[in-house]
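Computed over heavy atoms, backbone and side chain alike; hydrogens, waters and symmetry mates excluded.
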Amino acid sequence: MPAVRLASSSLLLLVLMQSGALCARRFRGGRNPQPRRAPPPPTYRGDTTESFPLDFTAVEENMDNFMTQVKNLAQSLYPCSAQKLDYDMKLNFLENTSVTCNDGSSAGYYLKESRGSRRWLIFLEGGWYCFNKENCDSRYDTMRRLMSSSKWPQTKTGTGILSPLPEENPHWWNANMVFIPYCSSDVWSGAAAKTEQSGYAFMGSLIIQEVVKDLLSKGLDTAKVLLLAGSSAGGTGVLLNVDRVADLLEGLGHTGIQVRGLSDSGWFLDNKQYHCTDCVDAVGFAPTETIKRGIKYWGGMVPEKCKQIHEGEEWNCFFGYRVFPSIKSPVFVVQWLFDEAQLTVDNIQLTGQPVQEGQWRYIQNLGNVFAFSGTIQNEDLKESREIEAMFAPACLSHEVITRNYWIDVQVKGTSLPRALHCWDRSLHDNRNNKAPPKGCPVHLIDSCPWPHCNPTCPTIRDQFTGQEMSVIQFLMHMGFDVQKMAQQQGMDPSKLLGMLSSGS
């Protein structure tokens, strides 16, 4: 009898998912103001039945839970033709009111529950940081939303990996979604209350801890998987906090929850700047200098093992290649090879006049540095650790996992959602002593040598006119020398021009 129920359920599920994709397409256009590029040519994606997965962990233990998911999906599709779907995450303030935003206002989070699912995704918002009273005052005047909760809206619509639409988020659409707004300006590291001298509270690390505690009473206590994700400063926050979250849950007795990390555009490098400038704000300073000042101002916390390695110089732990070897939890790294934020702090300006030859060489070298072999050598630990899972396209951009085009970007024919799904499968198989799935890559790095040489990169727009630019227009604007590049690549200049024009 259970086999008959499961077979009929599966048939119903297939019908519902086909209807769901059609319904989702109707609603998608008006939800996100970002322009959508034309999708790239179809590529082999493996088993197509994985495109719209339910959380089948429920079937292992309770058939009723699985049927509840099917019914919830059916109920969510019913209003498609009649009324607005309730896709929004809802604002909740922390129960512990002593943990606050910079200005002392209540910290909080947005939550969209998915009853029946035992997977949770907690996302840390990005937004740079401030590191002394002067530039924190300036930040408060110009970007108050990133320091105060006073004007947060009551609801928030998820996009990209936070989207509840299967066509936009094929693997995580039915997870419990949590978005934590960034209001601590400390790269999610602080644990300091407001003082008269600092003028602000810096409690980013404590905010994460309190959100996790609050969620335990909302269903997180029965979770199987918790994915701590974040972009930019939030991506660095993942590296700093993923083990701390795992230790918190274990200490509270929730040893069955698998904690993982997803760091997007948070793998910053402590490069020597292209040229030095007067240090006025967080962008003008060299990254190492701002973090050195900030970690003292914030009362910043770093992973314990990394702290022991870099005692007295804990600022090192804010840079991915230095902190990664000390992290115990599985982490998936997403990083554009030509990250715009990294180039900005390195004093490479991409607006106005075409870049000079020295700047162009600096940009190319940045791609080479980011396109590491996949193994981080750690001299302090006298060991190396492979970055088992990563996705690194040769694009000039910053942040991706909450963009609605995140499903379109590919590396070597594999999309980011597909790579994340393969990573989930490999972790599951590893726990069950199974061989990793074949044809399901998790370590993807572009090998082409210049920005936007990958034809699936996001659309480039002129920052002054807003007009779309072709790859060759963009490279010419940057001072790209076709003759010299063709010579370096050992090919005819006309052939190289043809490849660029066609987006090859």
Enquirer: Just to verify, what does Trp423 make a ring pair (Phe, Tyr, Trp, His ring centres under 6.0 Å) with, not counting sequence neighbours?
Expert: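 With sequence neighbours excluded, Trp423 shows a ring pair (Phe, Tyr, Trp, His ring centres under 6.0 Å) to Phe332, given in chain and number order.
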Enquirer: Is Glu125 paired with Lys156 through a side-chain N to carboxylate O contact shorter than 4.0 Å?
Expert: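 Salt bridge absent between Lys156 and Glu125.
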Enquirer: Ignoring hydrogens and angles, tell me if any N or O in the side chain of Asn135 forms a donor-acceptor pair with the backbone of Ser138 under 3.5 Å.
Expert: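 No, Asn135 side chain to Ser138 backbone: no donor-acceptor pair under 3.5 Å.
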Enquirer: Taking atom CZ of Phe93 and atom CH2 of Trp152, what is their separation to the nearest 0.5 Å?
Expert: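 CH2 of Trp152 is found 6.5 Å from CZ of Phe93.
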Enquirer: Kindly state each residue pair satisfying salt bridge (charged side-chain N to carboxylate O under 4.0 Å, His left out) with at least one member in residues 231-255, sequence neighbours excluded.
Expert: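 Pairs touching residues 231-255 that pass the test: Asp247-Lys328.
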Enquirer: So which heavy atom on Gly230 is nearest to which on Ile401, and how close?
Expert: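 Residues Gly230 and Ile401, closest heavy atoms: O-CD1, 4.2 Å.
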Enquirer: Please find the pair of heavy atoms, one from Val242 and one from Ser329, that lie closest to each other, and give the distance.
Expert: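 Heavy atoms only, the tightest pair is CG2-CB, 3.8 Å.
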Enquirer: Apply side-chain hydrogen bond (donor to acceptor under 3.5 Å, both in side chains) to Ser106 and list each qualifying residue two or more places apart in sequence or on a separate chain.
Expert: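 Partners of Ser106 by the side-chain hydrogen bond (donor to acceptor under 3.5 Å, both in side chains) criterion come out as none, since no residue qualifies.
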Enquirer: Identify the two heavy atoms, one from Gly237 and one from Leu124, that lie closest to each other, and give their separation to 0.1 Å.
Expert: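 Minimum heavy-atom separation between Gly237 and Leu124: C-CD1, 3.9 Å.
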Enquirer: Let me confirm one number: the CZ-OG distance from Arg145 to Ser150, rounded to the nearest 0.5 Å.
Expert: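 Between atom CZ of Arg145 and atom OG of Ser150 there are 11.5 Å.
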Enquirer: Would you say Ser98 and Met203 make side-chain contact, with heavy atoms under 4.5 Å?
Expert: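 Side chain of Ser98 against side chain of Met203, heavy atoms only: no contact under 4.5 Å found.
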Enquirer: Hey, are the side chains of Asn174 and Arg119 touching, using non-hydrogen atoms and a 4.5 Å cut-off?
Expert: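 The answer is yes, as the side chains (C-beta and beyond) meet within the 4.5 Å cut-off.
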Enquirer: I would like to know whether His452 and Cys395 meet side chain to side chain contact (heavy atoms under 4.5 Å, CB included); could you show each step before the answer?
Expert: CA-CA 4 Å; His452 267 65; Cys395 306; 4.1 Å; yes
Enquirer: For Lys296, enumerate each residue passing the side chain to side chain contact (heavy atoms under 4.5 Å, CB included) test, keeping only those at least two apart in sequence or located in another chain.
Expert: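 Side chain to side chain contact (heavy atoms under 4.5 Å, CB included) list for Lys296, sorted by chain: empty.
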Enquirer: Can you list the steps and then say if Leu216 with Leu249 is a side chain to side chain contact (heavy atoms under 4.5 Å, CB included)?
Expert: CA-CA 9 Å; Leu216 288 171; Leu249 290 170; 3.9 Å; yes
Enquirer: To the nearest 0.5 Å, how far apart are CZ in Phe131 and CZ in Phe202?
Expert: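 Between atom CZ of Phe131 and atom CZ of Phe202 there are 11.5 Å.
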Enquirer: Do you know which of Phe324, Phe318, Tyr321 makes ring pair (Phe, Tyr, Trp, His ring centres under 6.0 Å) with Trp267?
Expert: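 The option that passes is Phe324.
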Enquirer: At what distance, to the nearest 0.5 angstrom, does CE of Met143 lie from SG of Cys136?
Expert: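 Between Met143 CE and Cys136 SG, I get 10.0 Å after rounding to 0.5 Å.
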Enquirer: Closer than 3.5 angstrom, by distance alone: can the side chain of Asp214 be matched with the main-chain N or O of Glu95 as a donor-acceptor pair?
Expert: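 Here the side-chain-to-backbone pair exists.
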Enquirer: For the CG atom of Asn241 and the CG atom of Leu248, what is their distance to the nearest 0.5 Å?
Expert: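 Here the interatomic distance stands at 11.0 Å.
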Enquirer: Does the Thr414 side chain pair with the main chain of Ala419, one donor and one acceptor, at a distance under 3.5 Å?
Expert: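 No; zero donor-acceptor contacts below 3.5 Å.
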Enquirer: Does Thr344 use its side chain to pair, donor to acceptor, with the backbone of Glu340 at less than 3.5 Å?
Expert: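 Such a contact is found between Thr344 side chain and Glu340 backbone.
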Enquirer: For Tyr110 and Pro181, work out which heavy atoms get closest and say how close.
Expert: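 Closest approach of Tyr110 to Pro181, heavy atoms only: CE1-CG, 3.6 Å.
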Enquirer: Looking at Lys412 and Ile445, would you say the former's side chain and the latter's main chain have a donor-acceptor pair under 3.5 Å?
Expert: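 It does hold such a pair.
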Enquirer: Donor-acceptor pair, Asp339 side chain versus His398 backbone, under 3.5 Å?
Expert: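 It does not hold such a pair.
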Enquirer: Only counting residues at least two apart or in another chain, list the ones meeting ring pair (Phe, Tyr, Trp, His ring centres under 6.0 Å) with Tyr182.
Expert: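 If we apply the ring pair (Phe, Tyr, Trp, His ring centres under 6.0 Å) test to Tyr182, skipping adjacent residues, the hits are Trp188.
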Enquirer: Are Thr456 and Pro393 side-chain neighbours, meaning at least one heavy-atom pair lies under 4.5 Å?
Expert: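 Result no, sub-4.5 Å side-chain heavy-atom pair not found.
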Enquirer: Residues two or more places apart in sequence or in another chain: which of them pass side chain to side chain contact (heavy atoms under 4.5 Å, CB included) with Ala394?
Expert: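 Here the qualifying residues are Leu337, Phe338, Asp446, Cys448, Cys453.
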Enquirer: Below 3.5 Å, can you tabulate the donor-acceptor pairs from side chains in residues 253-263 to any protein atom, sequence neighbours excluded?
Expert:
residue : atom : partner : partner atom : Å
Gln258  : OE1  : Arg260  : NH2          : 2.7
Arg260  : NH1  : Asp424  : OD1          : 2.8
Ser263  : OG   : Gly235  : O            : 2.9

Enquirer: Quick check: closest heavy atoms across Cys101 and Ala107, and the distance to 0.1 Å?
Expert: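 Scanning both residues completely, I find the closest heavy atoms to be SG-CA, 3.9 Å.
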Enquirer: Is there a side-chain contact between Cys317 and Ile295 in this structure, where contact means two heavy atoms from C-beta onward sitting under 4.5 Å apart?
Expert: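 Not touching, per the 4.5 Å side-chain cut-off.
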Enquirer: If we check side chain to side chain contact (heavy atoms under 4.5 Å, CB included) with Val409, which of these qualifies: Ser397, Ser415, Cys457, Pro458?
Expert: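 Exactly one pass, corresponding to Pro458.
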Enquirer: Go through it in stages, so that I can follow the logic: the residues are Phe391 and Val400, the test is side chain to side chain contact (heavy atoms under 4.5 Å, CB included), and I'd like the CA-CA distance, side-chain angles, deciding distance and then a yes or no.
Expert: CA-CA 11 Å; Phe391 188 87; Val400 63; over 6 Å; no
Enquirer: Any heavy-atom pair between the side chains of Ser231 and Phe123 that's under 4.5 Å?
Expert: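 Yes, their side chains come closer than 4.5 Å.
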Enquirer: Evaluate the side-chain proximity of Thr402 to Phe179: yes if any heavy-atom separation is below 4.5 Å, no if none is.
Expert: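 Result no, sub-4.5 Å side-chain heavy-atom pair not found.
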Enquirer: List the residues meeting salt bridge (Lys or Arg N to Asp or Glu O under 4.0 Å) with Glu399, not counting sequence neighbours, and say none if there are none.
Expert: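 Once residues adjacent in sequence are excluded, the partners of Glu399 under the salt bridge (Lys or Arg N to Asp or Glu O under 4.0 Å) criterion are Arg403.
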Enquirer: Of all residues at least two apart in sequence or in a different chain, which pass the side chain to side chain contact (heavy atoms under 4.5 Å, CB included) check with Leu215?
Expert: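 So Leu215 forms a side chain to side chain contact (heavy atoms under 4.5 Å, CB included) with Tyr109, Leu111, Trp120, Ile122, Val178, Val211, Lys218, Leu220.
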Enquirer: Going by distance alone, is a donor N or O of one side chain under 3.5 Å from an acceptor N or O of the other, for Tyr140 and Ser185?
Expert: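 No.
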Enquirer: Applying side chain to side chain contact (heavy atoms under 4.5 Å, CB included) between Leu228 and each of Val238, Leu121, Leu239, report the one that passes.
Expert: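 Only one of Val238, Leu121, Leu239 forms a side chain to side chain contact (heavy atoms under 4.5 Å, CB included) with Leu228, namely Val238.
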Enquirer: Which label fits Phe268 and Trp128: parallel for a plane angle under 30°, tilted from 30 to 60°, or perpendicular past 60°?
Expert: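 Ring orientation of Phe268 relative to Trp128: perpendicular.
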Enquirer: Below 4.5 Å, heavy atoms only, C-beta onward: do Leu240 and Ser205 meet side chain to side chain?
Expert: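 No, their side chains stay 4.5 Å or more apart.
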Enquirer: Check whether any side-chain heavy atom of Asn102 lies under 4.5 Å from a side-chain heavy atom of Asp186, and answer yes or no.
Expert: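 Not in contact.
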Enquirer: Does the pair Leu252 and Val212 meet the rule for a side chain to side chain contact (heavy atoms under 4.5 Å, CB included), with working shown?
Expert: CA-CA 11 Å; Leu252 293 174; Val212 171; over 6 Å; no
Enquirer: Distance from Ser326 atom OG to Glu304 atom CD, nearest 0.5 Å?
Expert: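 The CD atom of Glu304 is 10.0 Å from OG of Ser326, to the nearest 0.5 Å.
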Enquirer: With sequence neighbours excluded, tell me which residues meet side chain to side chain contact (heavy atoms under 4.5 Å, CB included) with Lys133.
Expert: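 Lys133: side chain to side chain contact (heavy atoms under 4.5 Å, CB included) contacts with Asp137, Tyr200, Tyr297.
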Enquirer: Return each pair, listed once, that meets salt bridge (charged side-chain N to carboxylate O under 4.0 Å, His left out) where at least one residue sits in residues 103-112; pairs must be two or more places apart or across chains.
Expert: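 Residue pairs passing salt bridge (charged side-chain N to carboxylate O under 4.0 Å, His left out), neighbours aside: none found.
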Enquirer: Could you pull out the closest heavy-atom pair between Gly127 and Ala233, with the gap in Å?
Expert: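 Looks like N-CB, 4.0 Å.
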Enquirer: Go through the structure and list residues passing salt bridge (Lys or Arg N to Asp or Glu O under 4.0 Å) with Glu113, not counting sequence neighbours.
Expert: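 Checked Glu113 against salt bridge (Lys or Arg N to Asp or Glu O under 4.0 Å); matches are Arg115.
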